[in-house]
Amino acid sequence: MDNYLLRLNLGDAKYQTSLVYGVRGSGKTVFLLNVQRNFEKEKKHFFVRLNLGQGNLLFQLLSNLQEISGTNWSEILKSVQEINISGNGVSFQDTQNDVPINYSVVLQKILTKFKAKGISILVGIDEIEVSDDIRSFVSVYQTLIGQDLDISLIMTGLPSRISELQHEKTLTFLLRSNRIYLKPLDKISIRENYASAFEKSGKKIDPLLLDRLVDSVKGYAYAFQTIGYYVWDESEDYIDSSVVNSALESAKNDLYQNAYEKLYTEVSDKDRELLDVIASAKKEKVPISFLLDKFDNRKNYLSVYRARLLDDQLIFVPERGYVSLALPFLLILLYGIKKDICLINIIMAKIKTLSIWITFFVPIFIQK
């Protein structure tokens with residue numbers, strides 16, 4: 001993060017548009033919050049957070065810039081007579097020509113005034129999804145940076161969503177943007193943070209149990225947060241093995257419900273099939289030869305879906321010729337997810353059968 005902000009403040013064009021990607025629960029939202037806090041420490045630096053769920057990103061940006069300027073709408077949009085709501089969002093009408101005013105024109109006027117005053121704007125969007133709204137916003141943003149205005153953009157998202165956005169036909173300029181990969185947490189940092197937190201809370205822990213906690217995290221930010229919380233919450237002065245066992249079980253439930261179930265269901269059927277085969281080996285490191293055997297030696301087929309799971313950061317390569325599941329307890333929890341999905345399918349099948357029975361047979365019984 002420090003390097004990103006340094007390059008951004010130095011005016012490095014590559015860092016003007018940045019894409020932060022990582023698996024669900026890898027800390028993207030926290031990263032964005034930290035960027036916001038540190039960016040706004042600089043004088044005349046303003047961070048504008050846009051919310052995809054609220055719709056019309058361009059109007060959100062315009063509204064935020066109006067608030068930053070401290071002026072009312074009539075002063076900023078002197079040439080605007082009325083606001084029209086249409087299927088494409090909000091458009092403004094020119095007082096003289098009565099024609100729609102382009103967002104890029106209005107925003108350019110505001111940002112030109114900001115630049116003259118030395119005001120820098122950083123726009124942040126968390127967990128992007130490709131939509132007409134995001135396409136429109138990024139297209140206008142491209143126009144604004146082409147005018148050498150002091151506005152930058154940082155967006156976070158899952159690896160597959162970031163890739164999808166970059167390869168949109170009208171947004172290929174994003175392929176040249178700065179990409180920030182949220183790497184797994186390193187063991188030294190995890191250990192130091194846990195040890196410091198426990199010490200400040202007056203809690204003692206055996207070094208071997210601390211090692212167990214560190215190893216259980218496997219560098220996953222959400223697991224680090226969840227495991228640490230339950231160990232702290234379920235212990236008093238001394239953290240023993242029973243506390244650690246209980247905390248890990250509680251953390252597994254959170255990982256399952258809040259992250260893994262969603263991760264598993266949002267990948268394709270073929271991706272899930274490969275995940276299931278990897279899990280069926282019941283090993284930390286699964287030989288590629290094992291996978292080839294399960295997929296009838298279809299090397300090209302396996303390579304495609306292996307690459308997809310690597311991009312999605314659900315697996316990694318521990319050494320040549322092997323793959324491993326990337327997230328903690330995923331091997332165990334995959335079976336729980338599959339069991340739940342099977343149960344849901346069984347219930348839905350029974351509901352469908354009952355619905356058919358009611359539709360066709362109940363009227364017959366009523367007539368009798």
Side-chain angles (χ1 to χ4, degrees), residues 20-36 49 51-54 124-129 155-162 180-187 189-190 193-194 197 212-235 243-269 271-272 274-276 278-279 308-316 324-345 347-348:
V20 183
Y21 64 102
V23 70
R24 191 177 300 277
S26 59
K28 298 184 295 296
T29 300
V30 173
F31 181 89
L32 196 62
L33 285 170
N34 287 331
V35 166
Q36 177 177 353
R49 179 182 288 270
N51 190 328
L52 280 175
Q54 293 179 2
I125 305 176
D126 196 16
E127 295 294 353
I128 62 160
E129 303 240 0
M155 298 186 286
T156 77
L158 298 173
S160 58
R161 306 270 168 79
I162 293 290
I180 302 174
Y181 163 51
L182 295 185
K183 298 178 181 178
L185 305 175
D186 65 90
K187 286 189 175 183
S189 297
I190 296 170
N193 277 277
Y194 276 163
R212 185 182 171 196
L213 293 177
V214 173
D215 290 338
S216 296
V217 171
K218 290 187 71 173
Y220 185 38
Y222 183 50
F224 167 71
Q225 175 189 13
T226 306
I227 291 171
Y229 168 76
Y230 281 116
V231 171
W232 179 86
D233 186 59
E234 297 178 15
S235 62
V243 169
V244 170
N245 291 336
S246 175
L248 291 178
E249 286 303 313
S250 298
K252 286 178 188 176
N253 290 332
D254 279 11
L255 290 170
Y256 173 76
Q257 294 176 6
N258 302 334
Y260 292 175
E261 188 173 19
K262 181 70 173 175
L263 281 170
Y264 185 77
T265 55
E266 68 187 2
V267 298
S268 72
D269 292 342
D271 292 329
R272 285 198 292 272
L274 180 52
L275 280 174
D276 293 341
I278 293 172
R308 284 164 59 106
L309 291 181
L310 285 169
D311 286 342
D312 286 339
Q313 300 169 14
L314 295 178
I315 64 173
F316 70 100
S324 296
L325 295 171
L327 305 178
F329 312 118
L330 186 56
L331 175 62
I332 299 169
L333 297 179
L334 274 176
Y335 288 103
I337 295 170
K338 285 183 65 181
K339 184 178 178 181
D340 283 356
I341 290 174
C342 288
L343 181 60
I344 290 171
N345 289 338
I347 292 172
M348 293 304 294

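Since this is a predicted model, take the numbers as computed values, not measurements.
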message = Pair Asn253, Ser250 - check side chain to side chain donor-acceptor pair (under 3.5 Å), show working.
response = CA-CA 5 Å; Asn253 290 332; Ser250 298; 5.5 Å; no
Do [X] and [Y] touch side chain to side chain, with heavy atoms closer than 4.5 Å?
{"X": "Arg212", "Y": "Val244", "answer": "yes"}
{"X": "Leu158", "Y": "Tyr21", "answer": "no"}
{"X": "Phe31", "Y": "Thr156", "answer": "no"}
{"X": "Val217", "Y": "Ile227", "answer": "yes"}
{"X": "Leu52", "Y": "Asp126", "answer": "no"}

So CG of Leu310 and CD of Gln313: to nearest 0.5 Å the spacing works out to 10.0 Å
Euclidean distance, Ile315 CD1 relative to Leu330 CG, rounded to 0.5 Å
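If we round to the nearest 0.5 Å, Leu330:CG and Ile315:CD1 are 11.0 Å apart.
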*asked:* Taking atom CZ as the centre, does Phe316 end up with more than 12 heavy-atom neighbours from other residues, nucleotides or ligands that are less than 6.0 angstrom away?
replied: yes
Answer yes if the side chains of [X] and [Y] hold a donor-acceptor pair under 3.5 Å, and no otherwise.
{"X": "Arg308", "Y": "Ser160", "answer": "no"}
{"X": "Tyr229", "Y": "Asp254", "answer": "no"}
{"X": "Tyr264", "Y": "Asp276", "answer": "yes"}

Got a donor-acceptor contact below 3.5 angstrom from the [X] side chain to the [Y] backbone?
{"X": "Asp312", "Y": "Leu314", "result": "no"}
{"X": "Lys28", "Y": "Val23", "result": "yes"}
{"X": "Arg24", "Y": "Tyr260", "result": "no"}

Among all residues two or more places apart in sequence or in another chain, which pass the side-chain hydrogen bond (donor to acceptor under 3.5 Å, both in side chains) test with [X]?
{"X": "Ser246", "value": "Glu234"}
{"X": "Asp186", "value": "Ser189"}
{"X": "Thr226", "value": "none"}

Please enumerate all residues that pass side-chain contact (heavy atoms from CB on, under 4.5 Å) together with Lys183, with sequence neighbours excluded.
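side-chain contact (heavy atoms from CB on, under 4.5 Å) check on Lys183 returns Tyr181.
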### side-chain contact (heavy atoms from CB on, under 4.5 Å) partners for Leu185, two or more places apart
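Ile190, Ala221, Phe224.
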inquiry  = Regarding Glu127 and Arg161, does a basic nitrogen lie under 4.0 Å from an acidic carboxylate oxygen?
reply    =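 So Glu127 does not pair with Arg161 through a salt bridge.
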* For residues 216-225, pull every pair meeting side chain to side chain donor-acceptor pair (under 3.5 Å), keeping only residues two or more places apart or in separate chains. =>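 Qualifying pairs, neighbours excluded: Tyr222-Asn258.
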field: Minimum heavy-atom distance between Ile125 and Leu32, given as atom pair plus value
entry: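 For Ile125 and Leu32, the tightest heavy-atom pair comes out as C-CD2, 4.2 Å.
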On a heavy-atom basis, the closest approach of Thr265 and Glu261 is OG1-O, 2.9 Å
